[in-house]
Structures are given as C-alpha cells and as structure tokens.
There are 2 protein chains.
Amino acid sequence: MVEAPRNTRQRRAVVAILDDLDGFASAQEIHDILKQRGESVGLSTVYRSLQVLAEAAEVDALRNADGEVLYRQCSAGHHHHLVCRACGRTVEVEGPTVERWADRIAEENGFRDVAHTLEIFGTCDRCTSNRDLP
Amino acid sequence: MVEAPRNTRQRRAVVAILDDLDGFASAQEIHDILKQRGESVGLSTVYRSLQVLAEAAEVDALRNADGEVLYRQCSAGHHHHLVCRACGRTVEVEGPTVERWADRIAEENGFRDVAHTLEIFGTCDRCTSNRDLP
DNA sequence: ACTCCGGTTGAGAATCATTGTCATGAGGAA
DNA sequence: TTCCTCATGACAATGATTCTCAACCGGAGT
C-alpha cells in the first residue's frame, strides 16, 4: 500500500510558491524565493518536493536550453508549452494533431512505449519591449 | 573574417565515428569508442569538436531523459527524430504541419525569436525483442 | 495531551556531465 | 623549413542534482 505524503510546512511552502508563479522556474529559483520570503526550506527538500510533485503529475517539468530542469504548476491533461526564454512566462497549448502524428510515426517504425517532448521557446512581448534598458 | 577549422587527426577521428554510428551517442560514449579503436582523443577535445560540429549544423544534438546531450550526424535541413531509448537508433522524421502550427501559436501570443524542440522516444523493435536476455 | 514510529528534513559531501585552464603540440601559409 | 596560431589534453573547476544520515516532526493510536 502506498503511504500518503505528509503535510509538512516545507512541502506546503513549495506548493505555495508554485501557486503564485505563472511561469516555469528552476528548483534553485524556487529555493531563493522561499529564502526571500523568510520561510527557508533546504535545497535538498525543494528538489525532493518538486520530484515528488512531478512524478504525481501535479507539476510539469521541462529542460531549458542550458539543461536546467524547470517546474510549473499546470492544468491537468496532456499539453505543451510556449515558454519565454527570458522570464519563464508560459502559455499552455494543445496539439492534438501532433499527438496523433507522433504516435503514428512511432508505430509505423515499430517503436513501443512511445513518449514525446514538444516545447516552443521564444521571447514574449513584455521581454521584447524591455530590451536594452539600463 | 572567420577562420576555417584546422584539419586535425582528432577532429577527423570524431567525424569518422559519427559516420559509422547510425544513432545518437553521447560525448563520453564517442570518447570510449575512440579509445577502443586505439586512436585516443582527449575528452575535452571530443566535447569541443562536437560543439563546433553542432554549431555548424553538421551534427544534430538533443538531450535524453537524463539530461545528457547526444549527438548524431544527420541529413541537412530541419527535421525531428524518433529515437530508441535503449540503443540510440534513430529515424529522421519530418513534420511540416508541426512547424507551421508552432510558429502560428507563437505569433498569436506575441512571442519572437521562436524555436521549438520535438523528439519522439520509444523502444525500437530490436530492443523490444532483446528484452530479458541473460 | 503524550508517545512512538517511520517518513521528512537539511547541511554537507558526493556525483557526474560539461567547461575552463594553460603549457605543449602540430596544421598550414609563406 | 619557419613561424604564427589555433588545437590539444591532462587536470582542475564548475554547477546542477543527488546522496548520506543524524536529528526532527506529523499524525495515528492511546
């Protein structure tokens, strides 16, 4: 039988941050924000909490171009992301055509246990207009 | 003016490996193969060569689930990959519909300098039948 | 409210891919 | 061949992430 995770201050704090943020953020960024808010949580615990949440599909995880893992609280169901490289602001998008296409391609080539990654990166309008400021 | 890269034994050796392999491989794997073949090349040099080749778009690079960067000599032009998680064997695929979809989504949301990542992972038929061998 | 058990925490060490350093080596143009 | 550079490679350094393990605390039972 699987044990329900305990309701600790630390895990609540991490979830609260994810609630507030609207874009993707790294574990280290979340750790910093927690420190700023005065409800410090150990870095290891931040990583562990995010892992658990990601496995439970309560948050989405993806890698940026530098290979860092970013996390975000998302709506349920399979979807993809349009992510601002600069600020992490994110738009959730659906691509039912893409899903079918990917599965068909995989099947045609005899691949099993298929998964796919699809993310769109760009610079959002806000960050574009904030260029070259002092 | 841009200098042409020098034609060194080490770079030739790395390219030769990429020629032989048909799937994606990590820098460390390529380094190991070079060592096995007796034409040892420093690990730093393997990394540098692959970086240069990737920037020149002579090889494609992607990250596996563990965050490792994998390299492969691919055909020219924009395309995506169906990659075997177990052996790295790869099928190049095109998805013109996906490209247009991604660009349209980004534009509709005011994002600039758009790029996208799309990879399909699975277990290929060979690796599926090789399961559970001694 | 008290106890106790086992999951949870956190400071620091460890891991591991990747990058930086810099003295030495070797393309290749003249 | 000479010489100027860029390239190489052994090694150190980086940085995100994971591991370790003793101390801690949530919460179920009493």
Side-chain angles (χ1 to χ4, degrees), chain A residues 1-18 24-56 58-72 83 85 88, chain B residues 1-18 24-56 58-72 83 85 88 117 119:
Chain A
M1 163 132 38
V2 195
E3 297 292 336
R6 286 185 188 166
N7 177 23
T8 63
R9 172 186 70 81
Q10 290 86 342
R11 185 149 325 167
R12 265 180 276 123
V14 170
V15 172
I17 298 295
L18 290 166
F24 277 89
S26 69
Q28 314 245 8
E29 284 170 347
I30 292 169
H31 177 251
D32 289 346
I33 296 172
L34 284 164
K35 197 181 293 176
Q36 286 173 22
R37 292 199 185 178
E39 39 187 348
S40 190
V41 173
L43 183 57
S44 303
T45 302
V46 174
Y47 272 104
R48 269 188 302 245
S49 301
L50 291 170
Q51 271 179 353
V52 170
L53 291 167
E55 280 169 19
E58 308 224 356
V59 302
D60 279 6
L62 59 82
R63 278 177 203 278
N64 67 11
D66 295 332
E68 288 177 320
V69 180
L70 308 181
Y71 299 90
R72 176 175 186 265
V83 187
R85 261 186 292 262
Chain B
M1 168 146 19
V2 194
E3 296 291 334
R6 286 185 187 168
N7 178 22
T8 64
R9 173 186 69 81
Q10 290 86 345
R11 185 149 325 167
R12 266 180 277 123
V14 170
V15 171
I17 298 295
L18 291 166
F24 277 89
S26 70
Q28 314 246 6
E29 284 171 345
I30 292 169
H31 177 250
D32 289 346
I33 296 171
L34 283 164
K35 196 182 293 178
Q36 286 173 20
R37 293 200 184 178
E39 37 187 349
S40 191
V41 173
L43 183 56
S44 302
T45 302
V46 173
Y47 272 103
R48 269 187 303 244
S49 301
L50 291 170
Q51 272 179 351
V52 170
L53 290 167
E55 281 169 18
E58 308 223 356
V59 302
D60 279 6
L62 59 82
R63 278 177 203 278
N64 67 9
D66 295 331
E68 288 177 321
V69 180
L70 307 181
Y71 300 89
R72 177 175 187 265
V83 187
R85 263 186 291 261
T117 66
E119 313 297 343

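In the text below, chain A, chain B and the rest are named by the order of the sequence lines, each starting its count at 1.
The distance between atom CZ of Arg63(B) and atom C1' of dA16(D), rounded to the nearest whole Å, is 11 Å. Going from atom CZ of Arg11(A) over to atom P of dG7(C) covers 13 Å, rounded to whole Å. Taking atom CG of Asn64(A) as the reference point, atom P of dT18(C) lies 14 Å away to the nearest angstrom. Regarding Asp66(A), its CG atom lies at a distance of 18 Å from the P atom of dT14(D), rounded to whole Å. When the P atom of dT17(D) is taken as reference, atom CD of Glu68(B) falls 14 Å away, rounded to whole Å. The NE2 atom of His31(A) sits 12 Å away from the P atom of dG12(C) (whole-angstrom rounding). With rounding to whole Å, Leu50(B) atom CG is found 15 Å from dA7(D) atom P. The separation between Leu53(B) atom CG and dA7(D) atom P is 12 Å, rounded to whole Å.
Nucleic acid contact for Asn7(A): sugar-phosphate only, since backbone atoms but no base atoms lie under 4.0 Å from a heavy atom of the residue. If you check every strand for non-hydrogen atoms under 4.0 Å, Glu29(B) touches nothing. Residue Arg12(B) is classed as having no contact, given no heavy-atom separation below 4.0 Å to the nucleic acid. Within the 4.0 angstrom heavy-atom criterion, base atoms lie near Arg48(B).
With hydrogens and angles ignored, the 3.5 Å screen pairs a side-chain donor or acceptor of His31(B) with a backbone N or O of Val41(B). For Asn64(B) (side chain) and Asp66(B) (main-chain N/O), a donor-acceptor pair under 3.5 Å exists by modelled atom type.
Toward the 5' end of DNA chain C, the nearer of the two residues Val46(A) and Leu70(B), judged by each one's closest nucleotide, is Val46(A). Residues Ser40(A) and Leu43(B) each lie close to DNA chain C; by heavy-atom proximity, the contact nearer the 5' end of the strand is made by Ser40(A).
Taking side-chain N and O atoms only, Arg9(B) has a distance below 4.0 Å to OP1 or OP2 of dG9(D). Taking only side-chain nitrogens and oxygens, Gln10(B) comes nearer than 4.0 Å to OP1 or OP2 of dG9(D). Within the 4.0 Å cut-off from OP1 or OP2 of dT17(D), at least one side-chain nitrogen or oxygen of Tyr47(A) is found. Between Arg6(A) and the phosphate of dG6(C), there is no side-chain N or O to OP1/OP2 separation shorter than 4.0 Å. Between Thr45(B) and the phosphate of dA7(D), there is no side-chain N or O to OP1/OP2 separation shorter than 4.0 Å. For the pair Gln51(A) and dT18(D), the criterion of a side-chain N or O lying under 4.0 Å from OP1 or OP2 is met.
Of the candidates dA11(C), dA17(C), dT8(C), the closest approach to any side-chain atom of Gln28(B) belongs to dA17(C). If you check dT17(D), dA10(D), dT8(D) against the side chain of Ser44(B), the one that comes closest is dA10(D). The listed nucleotides are dT18(D), dG10(C), dT17(D); the one nearest the side chain of Ala27(A) is dT17(D). The side chain of Thr8(A) lies closest to dT8(C), out of dG28(C), dT8(C), dC6(D). For Val41(A), counting side-chain heavy atoms from C-beta on, the closest listed nucleotide (dG10(C), dG28(C), dA17(C)) is dG10(C).
Considering all non-hydrogen atoms of both residues, Val52(B) and Arg11(B) come closest at CG1-NH1, 4.2 Å. Summarising the geometry of Thr45(A) relative to Gln10(A), their closest heavy-atom pair is CG2-CB, 3.9 Å, with the distance given to 0.1 Å. Across all their heavy atoms, Phe24(B) and Glu29(B) have their closest contact at O-OE1, 4.4 Å. Scanning all heavy atoms of the two residues, the minimum distance from Ala13(A) to Glu39(A) falls at CB-OE1, 3.9 Å.
Partners of Arg37(B) according to the salt bridge (charged side-chain N to carboxylate O under 4.0 Å, His left out) rule, which considers only residues two or more places apart in sequence or in another chain, are Asp20(B).
Between Asn7(B) and Arg12(B), the side chains place a donor N or O and an acceptor N or O closer than 3.5 Å (distance only, hydrogens not considered).
Summarising the geometry, atom CG belonging to Leu62(A) is positioned 12.0 Å from atom CZ belonging to Arg63(B); distances are rounded to the nearest 0.5 Å.
Annotation: the terminal axes of the helix from dA1(C)-dT30(D) to dA30(C)-dT1(D) meet at 30°, where each axis is the rotation carrying the C1' atoms of four end pairs onto the next four (5 pairs per end, rounded to 10°).
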